[in-house]
Amino acid sequence: MGSGKKIVLSAVQPTNAMHIGNYLGAIKNWIPYLDEYECIFFAVDLHSITVEQDPKALRENTYQSIASYIACGIDPAKATLFVQSQVPAHAELAWVLTCHASMGELSRMTQYKDKSQKHGSHIPTGLFTYPVLMAADILLYGTHLVPVGEDQKQHLELTRDLAERMNHRYPESSTGEKSPLFQVPAPMISKVGARVMSLQDPESKMSKSDPAPGACVFLNDSDKEIEKKFKRAVTDSGSEITAEEQSSGVRNLIQIQASFLNENYDAVLSRYIGKQYGYLKLDTANVAINAIRPIREKTEEILKDRSYLDGILKVGREAARARAEKVLNEVYKRVGFIRQ
Ligand code: TYM
């Protein structure tokens, strides 16, 4: 780290296995940056415990996330890969930012509103303050670009607001010059694949926690499972695809296929006009199977070698700590903490 290149940063929660929404909306879009940018990608285990986790499964899923990043094409020689909880500065900066965030702005986060509804009267406080931890993740590294799916846009806006607020509140560096404390990051949201919908309810986002069987296609699903899920995907009561109007289920399948194949929506649609839904389902299944199979196999292979993964995580956390501690130190000084 510290090459003078612009910084790209992103992360996935190691909750359950990753699904095609995580891949198409996020990870796949990290790859083009590997050569030109300094890349920082990590597994956000601190975020995962905002909802209840089985400790053993969390540990396993954390390894699995890092293995999947590599299997998806994130070359560890070209990116810093690490686990969030191994870099204490994330939680430390999150506290400082929490003291500068308002209850009002956090209450407006739609993800909080959605997720908290599932918790009745016992809403974990972490679910509420979670976007501030995400802001800390990003601001700690002087991040320029954050490639994420559509659902993270609001969190990125909050991150930008917090960065600007802090820059305004603490304009002078610890050595006395006027300089912005934080780089204000920009989101990068792709045109296709930014919002992959559930295969069972195409009006709602594909989500790891969706209990409906077949709603979510995971990167560790077998070829058979993938095929079954796409074949049973909900479309609508019609049977034929038309150029004028497509139902949300049909749109979702076209978008998934377009995103896997790096094509645009209309190019894929044009192949199916006048055809029965079944063709679209089967082709999309095959496209997904062909993309997922090598990722699944490589992930399994990497997971067998824990010492390889531990080695990558060690290099990653050391690089991340060195950079993050510098930024945190400057924040602490500007805020008025004694540093010795
Ligand atoms: P998470 O773990 O929910 O999702 C990881 C990434 O996958 C994207 N994504 C989707 N994209 C398209 N369609 C979907 N159905 C879909 N579901 C998820 C998300 O937009 C995200 O890019 N708070 C974040 C993790 C995070 C983070 C960060 C991201 C923590 N700190 C710093 C970027 C930078 C989250 O819960 O993502």
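- Screening Ser209, Ser65, Ser48 for a side-chain hydrogen bond (donor to acceptor under 3.5 Å, both in side chains) involving Thr15 leaves a single residue, Ser48.
- Side-chain atoms of Val132 and His100, non-hydrogen and from C-beta on, never get closer than 4.5 Å to each other.
- Separation of the His144 and Tyr33 ring centroids does not fall under the 6.0 Å cut-off.
- The backbone N or O of Val148 sits nowhere less than 3.5 Å from a side-chain atom of Asn29 that would complete a donor-acceptor pair.
- Shown here for Tyr37 and Ile7, the closest heavy-atom pair between the two residues is CD2-N, 4.3 Å.
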Practice prompt. Step by step, work out the salt bridge (charged side-chain N to carboxylate O under 4.0 Å, His left out) result for Lys56 and Glu60.
Written response: CA-CA 6 Å; Lys56 209 169 149 215; Glu60 234 4 79; over 6 Å; no

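- A salt bridge links Glu38 to Arg323: one of the charged nitrogens lies within less than 4.0 Å of a carboxylate oxygen.
- With ring centers used as reference points, His155 lies 6.0 Å or more from Tyr112.
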Worksheet entry | Worked verdict on Tyr130 versus Leu127 for side-chain contact (heavy atoms from CB on, under 4.5 Å) | CA-CA 5 Å; Tyr130 149 120; Leu127 213 50; 5.6 Å; no

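- Listed by first and then second residue, the salt bridge (Lys or Arg N to Asp or Glu O under 4.0 Å) pairs that reach into residues 269-280 are Glu263-Arg271, sequence neighbours excluded.
- When all heavy atoms of Leu34 and Asp75 are compared, the pair lying nearest together is CD1-N, 4.0 Å.
- The side-chain heavy atoms of Ser173 and Arg334, taken from C-beta on, include a pair separated by under 4.5 Å.
- Between Met197 and Glu203, the closest side-chain pair of non-hydrogen atoms is not below 4.5 Å.
- Salt bridge absent: Arg339 and Glu330 never bring a charged side-chain N and a carboxylate O closer than 4.0 Å.
- The shortest side-chain heavy-atom distance between Pro185 and Leu145 does not fall under the 4.5 Å cut-off.
- Here the shortest heavy-atom pairing between Ala11 and Val44 reads CB-CG1, 3.6 Å.
- At distances below 3.5 Å, not a single donor-acceptor pair connects side-chain atoms of Lys78 with backbone N or O atoms of Cys39.
- Between Tyr69 and Trp30, the ring-plane angle classifies as perpendicular under the 30° and 60° cut-offs.
- There is a side-chain donor-acceptor pair under 3.5 Å between Ser85 and Asp45.
- With rounding to the nearest 0.5 Å, the separation of CD in Gln84 from CZ in Phe82 is 7.5 Å.
- A distance of 10.5 Å separates OG1 in Thr129 from CE in Met103, rounded to the nearest 0.5 Å.
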Discussion item. Working note: Leu199 + Val234, criterion side-chain contact (heavy atoms from CB on, under 4.5 Å); need CA distance, chi angles, decisive distance, verdict.
Written reply: CA-CA 6 Å; Leu199 296 189; Val234 167; over 6 Å; no

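- Contact annotation: the side chain of Ile241 approaches that of Tyr277 to within less than 4.5 Å [non-hydrogen atoms, C-beta and beyond].
- Using a distance-only test at 3.5 Å, with no hydrogens or angles considered, no donor-acceptor pair links the side chain of Asn61 to the main chain of Gln64.
- Between the Arg251 side chain and the Gln246 main chain, a donor and an acceptor come within less than 3.5 Å of each other.
- The only member of Leu309, Ile40, Ile74, Val315 that meets side chain to side chain contact (heavy atoms under 4.5 Å, CB included) when paired with Leu81 is Ile74.
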Item to complete: Just do the salt bridge (charged side-chain N to carboxylate O under 4.0 Å, His left out) check on Glu105 and Arg165 with the steps written out, would you?
Response: CA-CA 13 Å; Glu105 63 191 344; Arg165 190 173 309 155; 2.7 Å; yes

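- Side-chain contact between Lys326 and Tyr141 is absent, with no heavy-atom pair separated by less than 4.5 Å.
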Worksheet item: Could you walk me through whether Glu300 and Asn220 pass the side-chain contact (heavy atoms from CB on, under 4.5 Å) check?
Response: CA-CA 9 Å; Glu300 281 166 9; Asn220 62 358; 5.8 Å; no

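- A donor atom on one side chain and an acceptor atom on the other are found under 3.5 Å apart for Thr175 and Glu177.
- Taking each heavy atom of Thr50 and Pro124 in turn, the nearest pair found is O-CG, 3.5 Å.
- Residues Asn262 and Lys28 form a side-chain contact, since some pair of their non-hydrogen atoms from C-beta on lies under 4.5 Å apart.
- The backbone N or O of Glu325 sits nowhere less than 3.5 Å from a side-chain atom of Asn329 that would complete a donor-acceptor pair.
- A salt bridge links Arg296 with Asp223; the closest basic N to acidic carboxylate O contact falls under 4.0 Å.
- Open room surrounds CD on Glu245; 12 or fewer heavy atoms of other groups in view lie less than 6.0 Å from it.
- In this model, a donor atom of one side chain and an acceptor atom of the other lie less than 3.5 Å apart for Ser307 and Asp305.
- Rounding to the nearest 0.5 Å places CG of Leu282 at 11.5 Å from CG of Leu253.
- Salt bridge Arg321/Glu92: absent, no basic N to carboxylate O contact under 4.0 Å.
- In this structure, Asn22 contributes its side chain and His19 its backbone to a donor-acceptor pair below 3.5 Å.
- Using a distance-only test at 3.5 Å, with no hydrogens or angles considered, a donor-acceptor pair links the side chain of Gln154 to the main chain of Arg108.
- Checking side-chain atoms of Glu227 against main-chain N and O of Lys224 turns up no donor-acceptor pair under 3.5 Å.
- Here the CG atom belonging to Asp221 is positioned 9.5 Å from the CD1 atom belonging to Ile20, to the nearest 0.5 angstrom.
- Taking all atoms of both residues into account, the shortest heavy-atom contact from Ala135 to Leu162 is CB-CD1, 3.9 Å.
- Of the residues Lys231, Gln255, Gln257, the one that meets the side-chain hydrogen bond (donor to acceptor under 3.5 Å, both in side chains) test with Thr284 is Gln257.
- In this structure, SG on Cys216 lies 12.0 Å from CE on Met18, to the nearest 0.5 angstrom.
- Side-chain atoms of Val287 and Phe230, non-hydrogen and from C-beta on, never get closer than 4.5 Å to each other.
- Listed for the Lys208 side chain is a donor-acceptor partner under 3.5 Å among the backbone atoms of Gln13.
- At most 12 heavy atoms of other shown residues, nucleotides or ligands fall within 6.0 angstrom of atom NZ in Lys153.
- Annotation for Ile289 and Pro294: closest pair O-CD, 4.4 Å, computed over non-hydrogen atoms.
- Checked by atom type, the side-chain pair Asp201/Ser204 shows a donor-acceptor distance below 3.5 Å.
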